[in-house]
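Predicted model, so just to flag it, every value in this text is computed and none were measured. The figures that follow rest on heavy atoms only: side chains count, while hydrogens, waters and symmetry mates do not. Below, chain A is the first sequence line, B the second, and so on; all start at residue 1.
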Amino acid sequence: MRSTLRRGRAWPLRGFGPALPALVFLFVFMVAPLAVLFLRSVTEPTLGLGNYAELLGDATYGRVLFNTFTVATVVTVVTLALGYPVAWLLVILPSRVARWLFAIILLSMWTNLLARTYGWMVLLQRTGVINRTLMDLGLISEPLPLVNNLAGVTIGMTYIMLPFIILPLHATLSAIDPAIMQAASIAGARPRQIFFRVLLPLSLPGIGAGCLMVFVMALGYYVTPALLGGASTTMLAELIAQQVQSLLNWGLGSAAAFILLTVTLILYAIYVRAIGLGRPQ
Amino acid sequence: MSSTAPVLVSIRDLVKRFGPTTAVDGVSLDVAQGEFLTFLGSSGSGKTTTLFIVAGFEDPTGGDVLIDGRSVLSVAPNKRNIGMVFQRYTLFPHLSVFDNVAFPLAVRRRPRHEIEQAVKETLALVRLEEFAARKPGQLSGGQQQRVALARALVYKPRILLMDEPLAALDKKLREEIQIEIRRIHRELGVTILYVTHDQEEALRLSDRIAVFSHGRVVQVGSGADLYERPADAFVAGFIGNSNFLPARVRGVDAERTAVELPNGAVVAGRTDSALASGGEASLMIRPEKLFLVNGRDAPDANYDCRVDVTLRDSTYLGDSLQREVVTPWGQCLMVRQTGDAEALSHAGTGAALTLCWHSGDARVFRKTAGSSAPRS
Ligand SMILES: Nc1ncnc2c1ncn2[C@@H]1O[C@H](COP(=O)(O)OP(=O)(O)O)[C@@H](O)[C@H]1O
Ligand SMILES: [Mg+2]
């Protein structure tokens with residue numbers, strides 16, 4: 001179907017004239033800066049791969065990379081674990097109730113990021129709402145260290161990333177015919193078996209898309225780690241900002257940005273190979 | 001099947017309401033072991049809902065479902081040991097044909113060799129052995145439904161539910177699979193509850209047919225029962241083609257009810273229900289029970305009923321000749337002639353003919369709102 005449309009005369013609106021402005025824009029503001037960035041990463045301060053060697057070899061920078069991947073992984077896993085049941089709930093709730101839940105999720109997504117992150121600081125700090133409540137209840141005697149460390153970063157980012165996993169998961173789950181689950185049930189499968197043998201495999205595309213989205217966004221996230229993290233929890237985006245803004249070390253900053261980009265592209269390639277681009281085979 | 005077979009499934013006074021709509025309105029049916037029972041009815045008449053209650057996907061508002069004399073309402077679908085084929089394609093798209101059919105045994109944790117053996121046998125039963133490695137997406141609709149049938153049979157359930165499994169297929173394929181379903185029913189002796197809105201399919205497959213209308217079963221019986229002795233005008237209109245003539249009851253005796261047609265002709269028909277003299281009624285007669293003779297010829301003495309008509313149209317259908325005639329009161333009737341089709345082949349449009357029939361082939365129904373409107 002699609003291929004016959006693509007083929008020649010059957011599809012009269014051909015040519016990329018109308019897309020030209022966007023293509024020019026993309027080239028000027030994405031491809032060109034990337035090329036410049038790459039050049040700087042291999043020429044400053046000296047020609048060669050010195051910056052990359054330093055980033056991947058030095059223990060301090062290694063720590064930054066470790067932080068980045070740990071946080072991104074934990075955030076992805078937690079978001080998936082929390083988001084999957086919500087996405088499923090959105091599918092099975094009566095549409096009137098589901099619409100409300102959707103509105104709440106979208107609203108949280110559209111609220112200003114800084115406002116939300118400062119909100120978390122108020123909640124999580126030593127004298128914050130959570131610690132005070134727990135101490136008043138006598139559950140803890142000392143305030144829990146919830147900010148300026150990886151725990152704070154993870155909590156804050158998980159909250160921010162939730163919609164990005166719920167939305168693709170919901171799209172995948174709501175496309176699954178409920179009759180398929182009924183067929184599994186009458187064939188003798190218990191609810192657990194229906195989940196692991198039918199629902200989970202069928203929701204893999206949504207899981208893949210959501211996890212990729214969250215993981216990649218988490219890798220390059222700046223605001224939340226900067227505000228909720230501490231000196232020892234620097235992540236890659238913060239490192240880039242430091243190198244470029246404070247130290248004017250464009251070479252190292254560019255190399256870090258390129259490592260991030262490369263990892264992202266590799267993950268995307270793996271996703272495309274494993275799941276495809278959403279087309280039925 | 002044989003009337004001595006014990007009752008396996010018993011549906012008792014089943015009621016199901018969805019908010020203001022009553023989907024099932026007091027259905028009671030006994031299904032004998034090994035029987036092929038079909039729910040026949042137009043869309044929205046409550047067939048699927050009844051079947052889903054038997055499967056356990058819906059809880060009834062009232063009534064009970066018994067299997068082997070025990071209520072199954074509190075039993076989860078996966079514990080009922082019932083097989084089911086759905087109207088939509090419900091194969092697991094991520095599993096091969098083999099694994100789809102193996103699924104019911106895999107979730108029952110049967111040993112590997114037993115699963116392999118059973119899947120092979122069942123795929124052979126639906127004649128799809130060579131497709132075992134394919135994914136459902138690589139099969140045609142008919143093949144998918146045959147795999148679904150294999151998946152529903154592989155664990156040897158005693159009851160098989162089928163909800164319009166062939167509705168999405170074209171006519172030729174449908175007839176092929178109908179023959180397979182009949183064969184499988186014969187070979188396995190499984191009890192089948194089948195849903196369809198296609199009367200031909202119901203007649204071809206079933207031992208008995210339950211005709212559904214507005215959430216109720218209006219008549220249960222063999223195809224011949226329903227065709228020869230329809231309980232009311234609705235059943236008569238649903239099974240086979242019929243002519244309905246408006247009539248007024250003139251006289252009732254044990255054998256026949258005499259009615260007056262709009263042109264004053266008095267004819268007769270059989271009836272089961274008590275009819276009041278002078279009341280409005282509907283005379284039903286099948287197109288193949290009507291005969292046309294030339295106005296001048298004396299009709300056969302067997303045909304004790306007659307009406308003068310005008311020929312409007314003739315259509316040659318190979319095995320029969322279908323004629324449309326118009327009555328003096330302007331109603332169009334269908335006549336199907338098989339044997340003596342040649343006799344009147346010269347009669348042209350507008351010819352004055354006499355329509356006659358045997359009063360034993362006609363039936364008189366009480367006029368009920370909506371259900372006895374003549375179809376012309
Ligand atoms: N889940 C449901 N919610 C509301 N109404 C329903 C539901 N399922 C069926 N109905 C209604 O019940 C009636 C019978 O439906 P159904 O059993 O599917 O009929 P059939 O299978 O004979 O076409 C219809 O009017 C339908 O709209
Ligand atoms: Mg239905």
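- Most heavy-atom pairs under 4.5 Å with chain B, from the set A:M181, A:R197, A:R190, A:Q182: that is A:Q182.
- For A:Q193, the part lying near chain B is the side chain, with the backbone staying farther off; criterion is any non-hydrogen pair under 4.5 Å.
- When all heavy atoms of A:A189 and B:N78 are compared, the pair lying nearest together is O-CB, 3.3 Å.
- If you measure heavy-atom distances from B:R151 to chain A, the contacts under 4.5 Å come from the side chain alone.
- With a 4.5 angstrom heavy-atom cutoff, B:A106 touches chain A via backbone and side-chain atoms both.
- Using non-hydrogen atoms only and a strict 4.5 Å limit, the part of residues 161-178 of chain A facing chain B consists of A:D177.
- The two residues A:I180 and B:L91 have their closest heavy-atom pair at CD1-O, 3.9 Å.
- At least one side-chain heavy atom of B:F57 sits less than 4.5 Å from a side-chain heavy atom of A:S185.
- You'll find the side chain of B:I82 reaches within 4.5 Å of the side chain of A:I186, heavy atoms only.
- Nearest heavy atom pair, residue B:Y155 against residue A:A187, reads OH-CA, 3.7 Å.
- The local environment of CZ in B:R88 is sparse, with at most 12 non-hydrogen atoms from other residues, nucleotides or ligands closer than 6.0 Å.
- The environment of NE2 in B:H94 is crowded: more than 12 heavy-atom neighbours from other residues, nucleotides or ligands sit within 6.0 Å.
- Of the atoms belonging to B:A55, heavy atoms from both backbone and side chain fall under 4.5 Å from chain A.
- Listed options B:M84, B:R108, B:Q138 were ranked by heavy-atom pairs under 4.5 angstrom with chain A; first place goes to B:R108.
- For a heavy-atom cut-off of 4.5 Å, chain A lies close to no residue in residues 7-21 of chain B.
- Within the 4.5 angstrom heavy-atom criterion, no atom of B:L161 approaches chain A.
- In the displayed structure, A:M213 atom CE is contacted under 6.0 Å by at most 12 heavy atoms of other residues, nucleotides or ligands.
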